[in-house]
**Student:** 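Have a look at this one.
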2 protein chains.
Amino acid sequence: MHIDAIQTPAVLIDMDRAEANLAMAQDLANDLGLGLRPHVKTHKLPGLARRQVALGAVGVTCQKLGEAEAMADGGLADIFLPYNILGAAKLDRLAALHGRVRLSVTADSAETVAGYAARFGPEAPLTVLVECDTGMGRCGVQSPEAALSLARQIDAAEGLHFGGLMTYPPLGHGPETNDWLTRAKALLEDAGLASEVISTGGTPDLLRAGQIPVATEYRPGTYVYSDRMQVAWGHGTLQDCAMTVLATVVSRPTPDRAVLDAGSKALAADTCGAPGFGHLPAYPDAVVTGLSEEHGVVDLSACTRKPEIGERLRIVPNHACVVSNLFDRVHLMRGDEVEEIAQVTSRGALT
Amino acid sequence: MHIDAIQTPAVLIDMDRAEANLAMAQDLANDLGLGLRPHVKTHKLPGLARRQVALGAVGVTCQKLGEAEAMADGGLADIFLPYNILGAAKLDRLAALHGRVRLSVTADSAETVAGYAARFGPEAPLTVLVECDTGMGRCGVQSPEAALSLARQIDAAEGLHFGGLMTYPPLGHGPETNDWLTRAKALLEDAGLASEVISTGGTPDLLRAGQIPVATEYRPGTYVYSDRMQVAWGHGTLQDCAMTVLATVVSRPTPDRAVLDAGSKALAADTCGAPGFGHLPAYPDAVVTGLSEEHGVVDLSACTRKPEIGERLRIVPNHACVVSNLFDRVHLMRGDEVEEIAQVTSRGALT
């Protein structure tokens, strides 16, 4: 199928660019001796995840149980789920998943560890890493001492295996993160606890992964597609962005205004360091100033050439991961030809 | 099923509140002699749309062809699609839909009208209203004179029927909108063109619908659920909000921080006049300060009582319509009991 036959709005993935992004990250990880464990939240496509593993990834990362279940269904065999899984229903699902794949999870509280400990037994221990807040201000234990305390609790549980440390560091804080993790690792070693895996992540800092030599694994997600947010944060350029949303100009109400058939239900309202809600490669001076649900309003006042009604154009979204989550399918493109229409898994199955 | 059996994150609809919202709007429209034509974009549920019609709505409004097709599948018989439908593939779909339901659409350009005129014939003319930009700055002709010009083009086409005028007015501009539409209606009448329908909309101005007496129909969408954005814009109170997202506290890393298992893939990153990304009725002083994809970070510093790990709580989202679009199903609740699990239609089928 040719691009002209695709109805808008639609997600296009430039596979040449995506493949270059995949190879770049795997090469970098190989050079650094890091295990690459790509985060599938960005694409939610088992096919792409299998390709990441074929290129050398040690496994994949998922952010929700539903995502992990979909990846297990899609043939992925080694899944890291860096999340506190709580409650009987989800622990049952976790146990079922544990029977199917090589699984590891995280905990950042005694409550979470107690839940795991009550559900898993010594016949098939669950590997649990301690999530560490090295400055991001999200989940995670607040100090190396707290990491030790939680690691001891995990190690003491018959049905659990202490797997190491995990963090999602704040942008540009590699050295501080390395210090934090190095102190924690040493504290744990002094207590006789080995950190088999020390996992860090984030596409924006991927090219600076060497700043955290204590780490053994890296979990980049967005790198496969990249997006405007990554570029604003210093990762690559707009030419690396493999995902675009194909839209149609449905209105040109004034000389300086175009309206696209892609709004917040296609592009998402996420903002980034750059102005507006997306970048139009064909009209680089255009600004997507506003999104309603099914309309994108574009200011053309800085453009010399301007699009016509009915014209189809591509938009590099601010945040690729949330766009994947808005579409049932994406078009994997080779140039202007559709190579495959891939179903996005675990969309709307967020539990 | 009891609320305790629902895995999080999940959408809950308080049906007592939703029914009160539906009745309020229908009563108001009846009092004003306005046809109510609810916008289904908010719920995307044929069952709720049928209920709106049963209560007295003259039909429904859809924002995308895919939404309209889903509503036709769901038994809705009178659909207004206020959008410029462009291109052969979509015009074919529009024609198929026209054969199934009483259909009307809009145009704001000669190009759009030309497309309709080329596709539809006199045996079954398509009703086309002129979209008017009365100040919103989105789609729409820019003046009553331009409305007349486009209405003449529609009227001159054998396969089209001029149906009237449509606008989405800017918040709080009822009187100016009424002036604009009154002038356009008079111009059209002088030219022998009757505006059978004059359609306006928007939940935030619903209670001021009487400020546009020239209108014959009103298209509110969000009123059925309401949300934090509507309340910030002056429509009702948080007690009218029927949609909440049920989430679990998965981490309490510091005394003043909680992390929920609902992030931007459940709540959406839309902002509104109030601080943060949602309101927690059980902790009204809490602020959802940040969303990553699967985490919501909550600042509890202003709270006297604070939630515990594993606690489940409800969040009133900023924007209900985009939340519906993120979930495959919603739980229609009667108190703490699930009355029905309803499938959200035309999610991810945005063309």
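All values below come from the heavy atoms of this structure, side chains included, with hydrogens, waters and symmetry mates left out. Order of the sequence lines sets the chain letters (A, B, ...), proteins ahead of strands, with each chain counted from 1.
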**Student:** Answer with side chain, backbone, both or neither: which region of Asp261(B) has an atom nearer than 4.5 Å to a non-hydrogen atom of chain A?
**Tutor:**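 Both backbone and side chain.
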**Student:** Of Lys90(B), Glu69(B), Arg93(B), Glu67(B), which meets side-chain hydrogen bond (donor to acceptor under 3.5 Å, both in side chains) against Thr351(B)?
**Tutor:** Arg93(B)
**Student:** So, are Asp92(A) and Arg119(A) salt-bridged, with charged N and O less than 4.0 Å apart?
**Tutor:**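 Judged by the 4.0 Å cut-off on N to carboxylate O distance, Asp92(A) and Arg119(A) do form a salt bridge.
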**Student:** For Thr42(B) and Thr222(B), which heavy atoms make the closest approach, and how far apart are they?
**Tutor:** OG1-N, 3.2 Å
**Student:** Can you tell me which of Gln63(A), Lys41(A), His295(A) forms the most heavy-atom pairs within a distance under 4.5 Å of chain B?
**Tutor:** His295(A)
**Student:** Hey, what do you get for CD1 (Ile6(A)) to CG (Asp4(A)), rounding to the nearest 0.5 Å?
**Tutor:**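 Interatomic distance, Ile6(A) CD1 to Asp4(A) CG, rounded to 0.5 Å: 8.5 Å.
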**Student:** Counting heavy-atom pairs under 4.5 Å to chain B, which of Gly137(A), Gly290(A), Ser292(A) comes out on top?
**Tutor:** Gly137(A)
**Student:** Measure up the Tyr225(A) and His43(A) rings against each other and bin them: parallel (under 30°), tilted (30 to 60°), perpendicular (over 60°).
**Tutor:** perpendicular
**Student:** Heavy-atom pairs under 4.5 Å with chain A: which of Arg312(B), Glu131(B), Glu111(B), Lys265(B) has the most?
**Tutor:** Lys265(B)
**Student:** Select one option (side chain, backbone, both, neither) describing which atoms of Glu293(A) are under 4.5 Å from chain B's heavy atoms.
**Tutor:**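 It is the side chain, since no backbone atom gets that close.
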**Student:** Can you tell me which of Ile85(A), Ile309(A), Val259(A) forms the most heavy-atom pairs within a distance under 4.5 Å of chain B?
**Tutor:**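 Ranked by heavy-atom pairs under 4.5 Å with chain B, first place is Ile309(A).
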**Student:** Can you give me the closest heavy-atom contact between Pro255(A) and Leu300(A), atom names plus distance?
**Tutor:**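 Between these two residues, the closest heavy atoms are O-CD1, 4.3 Å.
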**Student:** Which bit of Gln142(B) comes within less than 4.5 Å of chain A, counting heavy atoms only: side chain, backbone, both or neither?
**Tutor:**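 Side chain only.
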**Student:** Need one label for Val249(B): side chain, backbone, both or neither, based on atoms under 4.5 Å from any heavy atom in chain A.
**Tutor:** backbone
**Student:** Which answer fits Arg138(B), side chain, backbone, both or neither, if we ask what part of it has an atom under 4.5 Å from a heavy atom of chain A?
**Tutor:** both
**Student:** Supply the atom-to-atom distance Leu246(B) CG to Thr8(B) OG1, rounded to the nearest 0.5 angstrom.
**Tutor:**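 The CG atom of Leu246(B) sits 6.0 Å away from the OG1 atom of Thr8(B).
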**Student:** Give me the contact list for residues 317-325 of chain A versus chain B, heavy atoms only, anything under 4.5 Å, ordered by residue number.
**Tutor:**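 His319(A), Cys321(A), Val322(A), Asn325(A) fall under the 4.5 Å cut-off.
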**Student:** Can you tell me which of Asp270(A), Thr289(A), Thr271(A) forms the most heavy-atom pairs within a distance under 4.5 Å of chain B?
**Tutor:**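 Ranked by heavy-atom pairs under 4.5 Å with chain B, first place is Asp270(A).
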**Student:** Give the member of Ala89(B), Gly310(B), Pro9(B) that has the highest number of heavy-atom pairs under 4.5 Å with chain A.
**Tutor:**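 Looking at each option in turn, the highest pair count goes to Pro9(B).
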**Student:** Considering only heavy atoms, which portion of Glu294(B) lies under 4.5 Å from any heavy atom of chain A: side chain, backbone, both, or neither?
**Tutor:**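 For Glu294(B), the contact with chain A is made by backbone and side chain together.
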**Student:** Can you tell me which portion of Val250(B) sits under 4.5 Å from chain A's heavy atoms? Options are side chain, backbone, both or neither.
**Tutor:**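 Both backbone and side chain of Val250(B) come within 4.5 Å of chain A.
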**Student:** Look up atom OG1 in Thr61(A) and atom CE in Met71(A), then write down how far apart they are to the nearest 0.5 Å.
**Tutor:** 11.0 Å
**Student:** So which atom in Cys62(B) and which in Val40(B) form the shortest heavy-atom distance, rounded to 0.1 Å?
**Tutor:** SG-CG2, 3.7 Å
**Student:** For Met136(A) and Pro169(A), work out which heavy atoms get closest and say how close.
**Tutor:**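 Here Met136(A) and Pro169(A) meet closest at SD-O, 4.3 Å.
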**Student:** Counting distance only, does the side-chain N/O of Gln230(B) pair as donor-acceptor with the main-chain N or O of Asp227(B) below 3.5 Å?
**Tutor:**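 Here the side-chain-to-backbone pair does not exist.
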**Student:** Are Asp299(A) and Ser301(A) close enough that a side-chain donor and a side-chain acceptor fall under 3.5 Å?
**Tutor:** yes
**Student:** Given a strict heavy-atom distance threshold of 4.5 Å, which part of Leu260(B) is in contact with chain A: side chain, backbone, both, or neither?
**Tutor:** backbone
**Student:** Return the minimal non-hydrogen interatomic distance between Leu91(B) and Tyr116(B), and the atom names on each side.
**Tutor:**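 That closest heavy-atom pairing would be CD2-CD2, 3.6 Å.
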